[in-house]
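Chain A is the first sequence line, chain B the second, and so forth, proteins listed ahead of strands; every chain is numbered from 1. What's counted below: heavy atoms across the whole structure, side chains too, no hydrogens, waters or symmetry copies.
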Amino acid sequence: MDVALIMMAGGVAAGAFGSLLGLGGGILIVPLLTLGFDLPLREAVGVSLVSVIATSGASAGVYLQRHVANLRLGMTLELFTALGALAGALIAFAIPDQALAFLFSGLLIYVGLTMLRGLRADRGEEAATLDEDPPLDDTADGALARLSGPGYRIRRFWPGVGGSVFAGVVSALLGVGGGIVKVPVMHLVMGVPLRVASATSNLMIGVTASASAIIYLLRGGIDPYVAGPTVIGVFVGATVGSRSAHRIDVRILRVLFVVVIFYTAWQMLSRALG
Amino acid sequence: MTDRSRPAAAPRDLDRAIARVLMAGTYVSVVLLAVGVVLMLLAGISPLDAAPSLDPATILADIATLQPAGFLWLGLIAVIATPTVRVVASLLGYGLARDWTMVAVSVGILAVVVASVMLAVGLEG
């Protein structure tokens, strides 16, 4: 079978899996291309960045139309995620592939452990504190009030800025949308309701990832023959995944995902250690 | 109180306009990439084959002669440029609403994008 078709099918799986589990898909594209097709890690990160920009574009549009995403807050924070992404891309070109593989396996282990906690919460062993929206804080001053939305007030702006810079660095180094950092920062630190935080994070992916993707593209870090089939695959997979999310019981998928992610982390770690 | 409600009311239409920019950019990019992939398949090109490097001067000629690389490069550039076009649209929208804080934020984001391009070109050279 044609390698392009296999790559596209892999992209469909990564996109569908990612959107069903609310993870984007970036986290699966890099292992797909490095472990599946033996691509250098940095090239895989470049392709993954383009995939997450394309996938987030359509869904961010829908969130904006429904007024779930907070454009004003998203744009203010993406100034800082973009700065972080710029720094992250420069770091990515300065450190060896093994160091990137080591960092990526760290991210996979973190996501795997987060998913495991989620599984325990599913069984009722642990309260899902993330789903509780924080209480209104009426002490926010004028500038913060303008970033706020209906029913919530932004607090702790500067720690949020710090978290955004970090999210940008993670996104540019590892080719992910960075929702894994941005959503907790907005929700738990800044007091944004979870639904708004994840929609706003999705909106921010484009600018964040493009600040670093420009560097990958212009420095020859993106192969068009790899990027074409992968981006189309991920886009189709994510679209199908998000439309069928409400019809599928994701609990079994999560268990499968935890297994896949720890196996991938092990493979990445072996790569890092040579 | 009026100070709080004025800027919050303005972006509602802007949300819809920005959404249209984002969706249009995304669909144009995906169509360009899809055409590139179909041409790749028809020409029997594998993703593992050596790819031509990015040369803006040849993109249009490649498209005119139905070379996959032309469509793929233009699609990739369109994907990466769409968020920046969205920021330019926000800049105009917030400018019309006289929301100077958000105009400054938009200009700041565009400055980071320009810095990315200059750094990439500088590092390459």
Side-chain angles (χ1 to χ4, degrees), chain A residues 2-5 7-8 37 49-50 53-54 57-58 60-65 67 69 71-72 75-76 78-79 82-83 85-86 89-90 93 142-143 145-146 148-150 203 205-220 222-232 235, chain B residues 3-4 7-8 11-12 14-16 18-23 25-27 29-30 33-34 36-37 40-41 44-49 51-54 68-69 71-73 75-77 79-84 86-87 90 99 101-102 105-106 108-109 112-113 115-117 119-121 123-124:
Chain A
D2 201 304
V3 182
L5 288 176
M7 199 172 264
M8 203 152 36
F37 295 92
L49 283 169
V50 183
I53 299 172
V62 174
Y63 286 133
L64 270 176
Q65 272 178 338
H67 305 297
L71 181 64
R72 191 180 293 265
M75 287 193 65
T76 305
E78 75 193 2
L79 176 58
L83 275 171
L86 179 57
L90 296 178
F93 277 91
R146 275 196 283 276
S148 304
L203 173 71
I205 289 174
V207 165
T208 310
S210 66
S212 57
I214 288 170
I215 295 179
Y216 281 88
L217 181 83
L218 295 178
R219 294 206 63 192
I222 299 177
D223 182 332
Y225 291 159
V226 175
T230 309
V231 174
I232 295 297
F235 185 82
Chain B
D3 187 41
R4 282 188 182 190
R12 286 229 133 200
L14 187 60
D15 276 2
R16 272 190 284 270
I18 301 283
R20 276 198 291 271
V21 169
L22 265 177
M23 289 159 108
T26 305
Y27 289 124
S29 321
V30 169
L33 289 172
V37 170
M40 245 180 98
L41 290 171
I45 296 170
S46 159
L48 307 177
D49 292 347
S53 53
L54 174 61
F71 287 92
L72 293 172
W73 280 127
L76 289 172
I77 293 170
V79 172
I80 295 174
T82 296
T84 303
R86 187 206 95 199
V87 177
S90 315
D99 185 339
T101 312
M102 291 312 294
V105 167
S106 309
I109 297 170
V112 177
V113 172
S116 282
V117 174
L119 271 169
V121 173
L123 287 171
E124 189 69 7

Interatomic spacing from [atom1] in [X] to [atom2] in [Y] - rounded to 0.5 Å:
| X | Y | atom1 | atom2 | value |
| --- | --- | --- | --- | --- |
| A:L71 | B:I18 | CG | CD1 | 5.5 Å |
| A:E78 | B:S90 | CD | OG | 7.5 Å |
| A:Y225 | B:L48 | OH | CG | 12.5 Å |

Please state whether the side chain, the backbone, both or neither of [X] comes within less than 4.5 Å of a heavy atom of chain B.
| X | answer |
| --- | --- |
| A:M7 | side chain |
| A:I205 | neither |
| A:I222 | both |
| A:V207 | both |
| A:I232 | side chain |

(Q) Determine whether B:D15 and A:Y63 satisfy the following criterion, side chain to side chain contact (heavy atoms under 4.5 Å, CB included), listing intermediate values before the conclusion. (A) CA-CA 9 Å; B:D15 276 2; A:Y63 286 133; over 6 Å; no

(Q) One thing to verify: whether A:R146 and B:D99 come together as a salt bridge, which I'm taking to mean a side-chain N less than 4.0 angstrom from a carboxylate O. (A)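 Here B:D99 does not pair with A:R146 in a salt bridge, since their nearest N and O are not under 4.0 Å apart.
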
Need one label for [X]: side chain, backbone, both or neither, based on atoms under 4.5 Å from any heavy atom in chain A.
| X | answer |
| --- | --- |
| B:L54 | side chain |
| B:F71 | neither |
| B:S46 | both |
| B:S116 | both |

Please give me the minimum heavy-atom distance between [X] and [Y], naming the atom from each residue.
| X | Y | value |
| --- | --- | --- |
| B:R86 | A:L203 | NH1-O, 3.1 Å |
| B:D49 | A:D223 | O-OD2, 4.3 Å |
| B:P47 | A:V226 | O-CG2, 3.5 Å |
| B:V79 | A:I53 | O-CG2, 3.5 Å |
| A:L64 | B:L22 | CD1-CD1, 4.1 Å |

Q: List the steps and the verdict of side chain to side chain contact (heavy atoms under 4.5 Å, CB included) for B:M23 and A:V62.
A: CA-CA 8 Å; B:M23 289 159 108; A:V62 174; 3.8 Å; yes

(Q) Run A:D2 and B:L41 through side chain to side chain contact (heavy atoms under 4.5 Å, CB included) and show every step you take. (A) CA-CA 8 Å; A:D2 201 304; B:L41 290 171; 3.7 Å; yes

Q: Pick whichever of A:A58, A:P224, A:A227 has the most heavy-atom pairs under 4.5 Å with chain B.
A: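 Of A:A58, A:P224, A:A227, A:P224 has the most heavy-atom pairs under 4.5 Å with chain B.
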
Q) Does the pair A:M8 and B:V37 meet the rule for a side chain to side chain contact (heavy atoms under 4.5 Å, CB included), with working shown? A) CA-CA 10 Å; A:M8 203 152 36; B:V37 170; 4.0 Å; yes

